[in-house]
Structure formats: C-alpha cells, structure tokens
Novice: 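Below: one structure in structure tokens.
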Amino acid sequence: MNKLLKVIYNDYAERLLPENPLETPEIRNATLSFLDTYFSHMSREEHDKVFTRLIDLRDVVEENAFEVGFYAGVKLLMNRKDF
C-alpha cells in the first residue's frame, strides 16, 4: 500500500465507533462472541495473546480489502475497460 493510501486508510481505521466505517458494532460483537465461544477456557494472559493475534489478522485482511476496494473504485471512476 502506498503512503498516501495508507494515510487515508489510517484516517478511517483510527476512528472510534460509531464513526469508524471499517469496524461496525456487528463486526466487534462477532469478534467478541468468537473469542468468548472458543477461547473462554483460557487464562486471561492466553486470551489476551489470542485476541491480539486475531485482531492482527483481521487488520491485515481489512487493510487489503480497503486497498482492493479503493483501486476498484478508482478504476470505475476512470471508466477503464480493463476492469
């Protein structure tokens, strides 16, 4: 991701709910429900490690989806035939 697009992405990603369009209450609730369902038997320390790794994974996927969506939007706006 280039630096300018990273700035745009970070502007969205750093907003708190409900202003953050990338993290809806439904996404947050699904994440917490997943953790509670599958990792509630772990100690707090283990749970925190799993939570951090899950959020890191989700962030990578979210950032990639943002980049793909951004460039798809640019192509559509430019009316490119090779899209």
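The model shown is predicted, which means the values in this text are computed figures rather than measured ones. Scope of the values below: all heavy atoms of this structure, side chains included, with no hydrogens, waters or symmetry mates. Residues: numbered from 1 along the sequence shown.
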Novice: Measuring from Met42:CE to Asp48:CG, what's the distance to the nearest 0.5 Å?
Specialist: 11.0 Å
Novice: Which heavy atom of Glu62 sits nearest to which heavy atom of Tyr9, and what is that distance?
Specialist: OE2-OH, 2.9 Å
Novice: Search all heavy atoms of Asp11 against all heavy atoms of Arg15 and return the closest pair with its distance.
Specialist: OD2-NH2, 2.9 Å
Novice: What distance separates Lys3 NZ from Ile8 CD1, expressed to the nearest 0.5 Å?
Specialist: 15.0 Å
Novice: Between the main-chain N or O of Pro25 and the side-chain N or O of Asn29, is there a donor-acceptor pair closer than 3.5 Å?
Specialist: yes
Novice: Can you see which heavy atom on Asn2 is nearest to which on Leu5, and at what distance?
Specialist: OD1-N, 2.7 Å
Novice: Less than 4.5 Å apart, side chain to side chain, heavy atoms only: is that true for Leu16 and Asn20?
Specialist: no
Novice: For a 4.5 angstrom cut-off between non-hydrogen side-chain atoms, does Leu22 reach Ile27?
Specialist: no
Novice: If only side-chain N and O atoms count, and only distance matters, is there a donor-acceptor pair under 3.5 Å linking Glu45 with Ser43?
Specialist: no
Novice: Any idea which heavy atoms bring Leu35 and Val50 closest together, and the distance?
Specialist: CD2-CG1, 3.9 Å
Novice: Do Phe39 and Phe51 have side chains that get closer than 4.5 Å, going by heavy atoms?
Specialist: no
Novice: How far does CG of Asp59 sit from CG of Asn64, to the nearest 0.5 angstrom?
Specialist: 12.5 Å
Novice: Please examine the side chains of Thr24 and Arg28, heavy atoms only from C-beta on, and report whether any two atoms are closer than 4.5 Å.
Specialist: no
Novice: Hey, any chance Met78 and Val68 share a hydrophobic cluster, counting ILVMFWY side chains that come within less than 4.5 Å of each other, even indirectly?
Specialist: no
Novice: State, to 0.1 Å, how close Met1 and Glu67 come at their nearest heavy-atom pair, and which atoms those are.
Specialist: CA-OE2, 3.5 Å
Novice: Using the six-membered ring wherever Trp is involved, compare the ring planes of Phe66 and Phe70 and label them parallel, tilted or perpendicular (cut-offs 30° and 60°).
Specialist: parallel
